[in-house]
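Just follow the structure's listing: the first ligand is 1, and inside any ligand the first atom is 1.
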Amino acid sequence: MLFKAFEVAESSEKEYKSALVTKSEDDLPPGEVLIKVQYSSLNYKDALSAIGNKGVTRNYPHTPGIDAAGTVEKSADPHFNRGDKVIVTGYDLGMNTSGGFAEYIRVPASWPVHLPEGLSRKRSMMFGTAGLTAALSVYNLKKQGITPPNGKIIVTGASGGVGSLAVAILSHLGFHVTAVTGKEDAVDLLLDLGAKEVIPRAAIDDHSGKPFLKAQYAAAIDTVGGNILATVLKSLNYGGVATCCGLVSSPELHTTIYPFILKGIRLIGIDSVLCDHHLRKEIWEHLATDWRPAKMDKIVSVCTLDTIQEHLDSMLKGQLTGRYIVKISS
Ligand SMILES: NC(=O)c1ccc[n+]([C@@H]2O[C@H](COP(=O)([O-])OP(=O)(O)OC[C@H]3O[C@@H](n4cnc5c(N)ncnc54)[C@H](OP(=O)(O)O)[C@@H]3O)[C@@H](O)[C@H]2O)c1
């Protein structure tokens, strides 16, 4: 069996170039479940993998794609049968295991989740890792007792994949959302997704050196890290909760201990990659039912294997808005 794949190759000068190539089943890594991929999606990590970031992908040639939704073609594990519709996100998919930017993947049986009732493969990729991460962030805020009457929730990197879905899910659940964006042209979209107000990134990038700023937010979903997360921590109400998942601004966090010891602020790390399998299923069930935002179609664009590279380039420049899904096969 031959199939199409988007592949990134490394030259002897350490330059990374992508191309559409033909592969065979024998090229796939070992694993119990062979899946025909119908949809994948674009995530920041894919963009890093495509430029040779060794923290993401060590060996090339390599097919990125940390998300895949498709149909089981063959399974050596009794939990999966031919024809089952499944989602695979995270674990090592697309990092050092050939990923979802190809018509087939082969993965260990511990990675796929059955597609929940009421969710199509296409819609599952509208969420993808970004949606799972946004929903895990919301789950953790709720687990810490944050409810709509507690006050405003601030979401950073709001026009990105994780951020826009966090805005949409929180708004759908009745929270008052303040969206932070660096893009003037994303304001209308964010309001349309349910944000009550949108503020420019510069407004939450404090360099005053003060340990606290005006307390305005009950909680935060931060997707960018760096000084923006540090500013968010200074702007939370007493007992506020912040989740952090991303580092597009910076992986560094320069802060003081004061928000934690004088205001009881809690900072929670989010990891959707190795997140517990039962929790993962629970979150997908929520995304298929009560947490499914009505307006998410507005933030989704579709691309194909031929146009992935240009969108990954835009993603690295912080220019993409919303979610891009990749139609891989029918
Ligand atoms: N921990 C996990 O399990 C997990 C899972 C998924 C993603 N992530 C991480 O979460 C982050 C967001 O992922 P994503 O898929 O949403 O990426 P994305 O679609 O590229 O969105 C990132 C957004 O961050 C903002 N941004 C870009 N450059 C920035 C800068 N220099 N300073 C401040 N903000 C900037 C932009 O939004 P605005 O213009 O609206 O500000 C951009 O749209 C990435 O670091 C990703 O690796 C982590």
Side-chain angles (χ1 to χ4, degrees), residues 40-51 53 55-57 64-67 89-95 125-140 154-169 177-191 193 195 198-206 221-232 243-253 267-276 279-280 283 299-301 303 311-325:
S40 180
S41 82
L42 301 190
N43 292 278
Y44 196 73
K45 216 183 243 180
D46 302 320
L48 294 177
S49 175
I51 55 164
N53 184 308
V56 177
T57 301
I66 64 169
D67 287 346
T89 64
Y91 295 105
D92 192 46
L93 188 70
M95 294 183 68
M125 289 294 100
M126 292 182 180
F127 290 116
T129 287
L132 183 64
T133 308
L136 273 171
S137 307
V138 173
Y139 172 90
N140 275 281
I154 185 168
V155 177
T156 64
S159 76
V162 180
S164 56
L165 284 165
V167 169
I169 295 167
V177 177
T178 301
V180 179
T181 185
K183 302 185 190 86
E184 272 176 34
D185 58 2
V187 173
D188 288 344
L189 179 75
L190 290 166
L191 292 172
L193 282 180
V198 182
I199 61 172
R201 197 186 291 162
I204 195 86
D205 193 8
D206 174 66
I221 291 183
D222 175 64
T223 72
V224 303
N227 193 55
I228 291 172
L229 173 57
T231 307
V232 162
T243 63
C244 68
C245 68
L247 43 63
V248 287
S249 172
S250 169
E252 293 185 10
L253 177 61
L267 175 60
I268 298 173
I270 302 297
D271 172 48
S272 63
V273 177
L274 295 177
C275 142
D276 173 80
L279 176 58
R280 191 181 287 254
I283 298 287
I299 52 169
V300 177
S301 310
C303 68
H311 297 304
L312 292 179
D313 292 342
S314 302
M315 183 169 244
L316 281 175
K317 293 181 195 145
Q319 290 169 348
L320 279 198
T321 298
R323 289 281 294 148
Y324 274 76
I325 58 170

* When you check the side-chain N and O atoms of Arg323 and Ser41, is any donor under 3.5 Å from an acceptor? ->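 Yes.
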* **side-chain contact (heavy atoms from CB on, under 4.5 Å) partners for Ser137, two or more places apart** =>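 In terms of side-chain contact (heavy atoms from CB on, under 4.5 Å), with neighbours along the sequence ignored, Ser137 is linked to Ile221, Thr243, Ile270.
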* **Contacts of Asp271 that satisfy side-chain contact (heavy atoms from CB on, under 4.5 Å) - sequence neighbours left out** =>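 Testing Asp271 for side-chain contact (heavy atoms from CB on, under 4.5 Å), a comparison that skips the adjacent residues, returns Val273, Leu274.
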* Those residues that, when tested against Asp205, pass salt bridge (Lys or Arg N to Asp or Glu O under 4.0 Å) (two or more places apart) ->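 Expected list: none.
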* Asked: Rounded to the nearest 0.5 Å, how far apart are OG of Ser249 and CG of Asn227?
  ->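 Nearest 0.5 Å value for the OG-CG distance: 7.5 Å.
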* Asked: Is Asp46 close to Asn43 at the side-chain level, that is, under 4.5 Å between some pair of heavy atoms?
  ->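 Yes, their side chains come closer than 4.5 Å.
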* Write down, by chain and number, every protein residue that brings a non-hydrogen atom to less than 4.0 Å from an atom of ligand 1. =>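 Ligand 1 is contacted, at a heavy-atom distance under 4.0 Å, by Tyr44, Thr129, Thr133, Gly157, Ala158, Ser159, Gly160, Gly161, Val162, Val180, Thr181, Gly182, Lys183, Arg201, Thr223, Val224, Ile228, Cys245, Gly246, Leu247, Val248, Ser249, Ile270, Asp271, Ser272, Met315, Leu320.
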